[in-house]
Each structure stands twice: as structure tokens, then as C-alpha cells.
Colleague: 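Once you've had a glance at the structure underneath, I'll fire off some questions.
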Amino acid sequence: TGKHYSSFLDLPSWEDMFLLEEFFAEWDAERWSFYIIKDKDDPLLYCGPAWDFDHSAGTMIYGTYPETAVSMLLFRDTRHGWLYKLLMHDEFVEDLHTRWRDRFSPAIHAYLDGQLEKEIAAIESAAYMNNIRRANDYDFREKTDALTTWLQRRLAFLDDYSSKTPEEMREILQEKVLQAQFPAMV
């Protein structure tokens, strides 16, 4: 058609979905539980809503790999759908980095610095009662501490990654992957 992709896509919704899926290393992204919406009177495709993050934050369909997931770039490494194809456009990538630095990163930092612990505390007694009801020894605090640590490490990785030049990004990624796969050697 000769038209720019922004003539067809609501870019803020695509950028938000990209960053959300990428931050959580959401393994189902662009495979299952991935939605695109188009209203009949609107020419744009909207990405969303976010849905079903059961395979995220290190839990993948093949198992649990938190160390690998902390430092992976999901769409660059494992996907080849629409979000991946948007990475071929420098202006989209620049917008992603700006949106990460100006919007996503500050919001996630604020959440991890206070709100997350409040939410954990609010459901801790329910988790305790669930253990009694199901007669299991699931350690709620151990699991939430592990998730909190993963979120902090993922945030630090993406903050660092988004602040670098493309050449520096490749070096960081290679180092992080080596650390995750061979921690004793790095």
C-alpha cells in the first residue's frame, strides 16, 4: 500500500504490549493468549488486552528457568510474529526505549518499592489457609521472595539494556546469557 505501519497500528498499545510481554518474559507471547482488537469504525489495530501470564517470569512451557529468563530478550531471541517484525523499524525501537525509560521502568520501580509487599501481605493468610486446606507445604514467602527477586533482577537488566547503544546491548546480552548458563565460569 505504500503506507507507514502507523497507519494500521495503534502504536502506543503495541509498544505497551511489547514492553509488558518482554518484561515478564511471557512465553505464550504471540503464540497463545495474545489478542489484537479492531473496532469497525476505527482503521487501527489495537494490541491487547494482556492475558494469561501463567508462563512468565521464568516459568516456561517446558519448565522453570528463572536464571535464563532474567536476561533473555524474548522477542529478539524466540519470536517471529508481529511484535518481532516491529523491531525491524528503528523508530519503533527508539520509541520502545523511550517508553521504557519514561513510563514503564518508573512505574515498575514504584510498584516494587512499596505496592508489591502490600499485596503480598494482603493475601498471605489466604495462602496459609490454602496450604491447610490442600494439605501441602507450599512456602508462600519463599515463592514470593523468589518472584520479587526475579522482578528486581529483570528490571535491572532491562534498565541497563535500554540505556545502551546497539553495540553495547549485544555485549550485555552475551555476558548475561553466559552468566545464566555457566555461572561458575563468568
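Atoms considered below: every heavy atom in the structure, side chains included; atoms not considered: hydrogens, waters and symmetry mates.
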Colleague: Give a yes or no on whether the backbone of Ser162 and the side-chain of Arg101 come within a donor-acceptor separation of less than 3.5 Å.
Modeller: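 Yes; at least one donor-acceptor contact below 3.5 Å.
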Colleague: Do Ile36 and Leu19 belong to the same hydrophobic cluster, where Ile, Leu, Val, Met, Phe, Trp and Tyr are linked whenever their side-chain heavy atoms lie under 4.5 Å apart, directly or via other members?
Modeller: yes
Colleague: In Å, rounded to the nearest 0.5 Å, how long is the span from OH of Tyr128 to CZ of Arg133?
Modeller: 15.5 Å
Colleague: Using the side-chain hydrogen bond (donor to acceptor under 3.5 Å, both in side chains) criterion, which residues pair with Tyr35? Sequence neighbours excluded.
Modeller: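 Applying side-chain hydrogen bond (donor to acceptor under 3.5 Å, both in side chains) to Tyr35 gives none.
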Colleague: With sequence neighbours left out, what residues match Arg134 under side chain to side chain contact (heavy atoms under 4.5 Å, CB included)?
Modeller: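 Arg134: side chain to side chain contact (heavy atoms under 4.5 Å, CB included) contacts with Asn130, Asn136.
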Colleague: Rounded to the nearest 0.5 Å, what's the gap from NE2 on His97 to CZ on Phe92? Could you check?
Modeller: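 Those atoms lie 10.0 Å apart.
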Colleague: Using the rule given for side chain to side chain contact (heavy atoms under 4.5 Å, CB included), can you reason through His4 versus His89, listing the C-alpha separation, both sets of side-chain angles and the distance that settles it, and then say yes or no?
Modeller: CA-CA 11 Å; His4 191 266; His89 301 277; 5.8 Å; no
Colleague: Between Phe34 and Met17, is a side chain to side chain contact (heavy atoms under 4.5 Å, CB included) present by the stated rule, with each step listed?
Modeller: CA-CA 10 Å; Phe34 184 78; Met17 184 60 75; 3.9 Å; yes
Colleague: Look at the side-chain heavy atoms of Ile, Leu, Val, Met, Phe, Trp and Tyr, link any pair under 4.5 Å apart, and say whether Leu20 and Leu112 land in one connected group.
Modeller: yes
Colleague: Rounded at 0.5 Å granularity, tell me how far CD1 in Ile108 sits from CD in Gln115.
Modeller: 14.0 Å
Colleague: Please walk me through it: do Leu158 and Phe104 pass side chain to side chain contact (heavy atoms under 4.5 Å, CB included)?
Modeller: CA-CA 10 Å; Leu158 290 173; Phe104 268 73; over 6 Å; no
Colleague: Taking salt bridge (charged side-chain N to carboxylate O under 4.0 Å, His left out) as the cut-off, I'd like each qualifying pair that reaches into residues 85-96, sequence neighbours left out, listed once.
Modeller: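 Applying salt bridge (charged side-chain N to carboxylate O under 4.0 Å, His left out) to every pair that reaches into residues 85-96, excluding sequence neighbours, yields nothing.
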Colleague: Could you work out, with side chain to side chain contact (heavy atoms under 4.5 Å, CB included) as the rule, every residue matching Pro12, not counting sequence neighbours?
Modeller: Asp10, Arg99
Colleague: Given Thr144, which of Asp139, Ile120, Thr149 fulfils the side chain to side chain contact (heavy atoms under 4.5 Å, CB included) condition?
Modeller: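 Among Asp139, Ile120, Thr149, the one meeting side chain to side chain contact (heavy atoms under 4.5 Å, CB included) with Thr144 is Ile120.
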Colleague: Supply the atom-to-atom distance Leu83 CG to Phe18 CZ, rounded to the nearest 0.5 angstrom.
Modeller: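 One gets 6.5 Å once the value is rounded to the nearest 0.5 Å.
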Colleague: Could you state whether Phe24 and Tyr111 fall into the same hydrophobic cluster, counting links through intermediate Ile, Leu, Val, Met, Phe, Trp or Tyr residues with side-chain heavy atoms under 4.5 angstrom apart?
Modeller: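 Per the 4.5 Å side-chain linkage, Phe24 and Tyr111 are co-clustered.
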Colleague: CH2/Trp150 to CZ/Phe157 distance, rounded to the nearest 0.5 angstrom?
Modeller: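 Separation between the atoms: 10.5 Å.
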Colleague: Just by distance, with hydrogens left out, do Trp27 and Asp54 show a side-chain donor and acceptor under 3.5 Å apart?
Modeller: no
Colleague: State which residues pass salt bridge (charged side-chain N to carboxylate O under 4.0 Å, His left out) with Arg141; sequence neighbours excluded, sorted by chain then number.
Modeller: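 Only Glu117, Glu124 meet the salt bridge (charged side-chain N to carboxylate O under 4.0 Å, His left out) criterion with Arg141.
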Colleague: Tell me, yes or no, whether the heavy-atom count around Lys38 atom NZ, taken from other residues, nucleotides or ligands under 6.0 Å, exceeds 12.
Modeller: yes
Colleague: Give me the atom names and distance for the closest heavy-atom approach of Ser7 to Lys3.
Modeller: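 Taking Ser7 first and Lys3 second, the nearest heavy atoms are OG-CB, 3.9 Å.
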Colleague: Distance-only criterion, 3.5 Å: show the donor-acceptor pairs between side-chain atoms of residues 43-53 and protein atoms not counting sequence neighbours.
Modeller:
residue: Tyr46; atom: OH; partner: Asp42; partner atom: OD2; Å: 2.6
residue: Asp52; atom: OD2; partner: Ser33; partner atom: OG; Å: 2.8

Colleague: Rounded to the nearest 0.5 Å, how far does OG of Ser6 lie from CG of Leu11?
Modeller: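 Those atoms lie 5.5 Å apart.
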Colleague: Taking the side chain as every heavy atom from C-beta outward, state whether Leu151 and Leu155 have any atom pair closer than 4.5 Å.
Modeller: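 Counting from C-beta outward, Leu151 and Leu155 never come under 4.5 Å.
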Colleague: Between Asp137 and Asn131, does the side chain to side chain contact (heavy atoms under 4.5 Å, CB included) criterion hold? Intermediate values first, please.
Modeller: CA-CA 6 Å; Asp137 61 352; Asn131 281 348; over 6 Å; no
Colleague: Evaluate salt bridge (Lys or Arg N to Asp or Glu O under 4.0 Å) for Arg154 paired with Glu22, printing each intermediate quantity in order.
Modeller: CA-CA 10 Å; Arg154 181 72 172 156; Glu22 185 67 68; 3.0 Å; yes
